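Values in this document were obtained by computation on a predicted structure and should not be read as measured data.
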Amino acid sequence: MPVFHAHVEVTHLPGIADPAGATVERALPALGYTNVSQVHIGKTIRLDVDAPDAEAAHAQVKEMCERLLANPVIEAYEVTIT
């Protein structure tokens, strides 16, 4: 069975507080970076999936996101399969 590489980007939904991003945004000016705004912190998940085809791999990773990897109430995710 072929192995597919999955890349998942998880970010906060618009309007959801991002305390980690806000903390970094407040700290950057103290380091001399006064031209930075709208800092958002997310997470990247990479995994390999054995599947019959890319479509099946994508469906499986999407299900993983809905059940475990992301919180669909407050997070959005994007799955890329290569």
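For residues 24-40, the set of pairs meeting the side chain to side chain donor-acceptor pair (under 3.5 Å) definition, not counting sequence neighbours, comprises Thr23-Arg26.
For Arg67, the salt bridge (Lys or Arg N to Asp or Glu O under 4.0 Å) partners two or more places apart in sequence, or in a different chain, are Glu63.
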Let me check something: any side-chain donor-acceptor pairs from residues 43-52 under 3.5 Å, sequence neighbours excluded? List them with distances.
| from | atom 1 | to | atom 2 | distance (Å) |
| --- | --- | --- | --- | --- |
| Lys43 | NZ | Leu69 | O | 3.2 |
| Thr44 | OG1 | Glu9 | OE1 | 3.4 |
| Thr44 | OG1 | Glu9 | OE2 | 2.9 |
| Arg46 | NE | His7 | ND1 | 3.3 |
| Asp48 | OD1 | His5 | ND1 | 2.6 |

Less than 3.5 Å apart, which donor and acceptor atoms pair up between the side chains of residues 11-21 and the rest of the protein, not counting sequence neighbours?
| from | atom 1 | to | atom 2 | distance (Å) |
| --- | --- | --- | --- | --- |
| Asp18 | OD1 | Gly21 | N | 3.0 |
| Asp18 | OD2 | Ile41 | N | 2.8 |

In a table with atom names and distances, give each donor-acceptor pair under 3.5 Å that connects a side chain of residues 71-82 to protein atoms at least two apart or in another chain.
| from | atom 1 | to | atom 2 | distance (Å) |
| --- | --- | --- | --- | --- |
| Asn71 | OD1 | Val73 | N | 3.1 |
| Glu75 | OE1 | Asn71 | N | 2.7 |
| Tyr77 | OH | Glu66 | OE2 | 2.4 |

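Listed by chain and number, the hydrophobic cluster partners of Val3 come to none, as no ILVMFWY side chain reaches under 4.5 Å of it.
Taken from CZ in Phe4 to CD in Glu55, the straight-line distance is 10.5 Å, to the nearest 0.5 Å.
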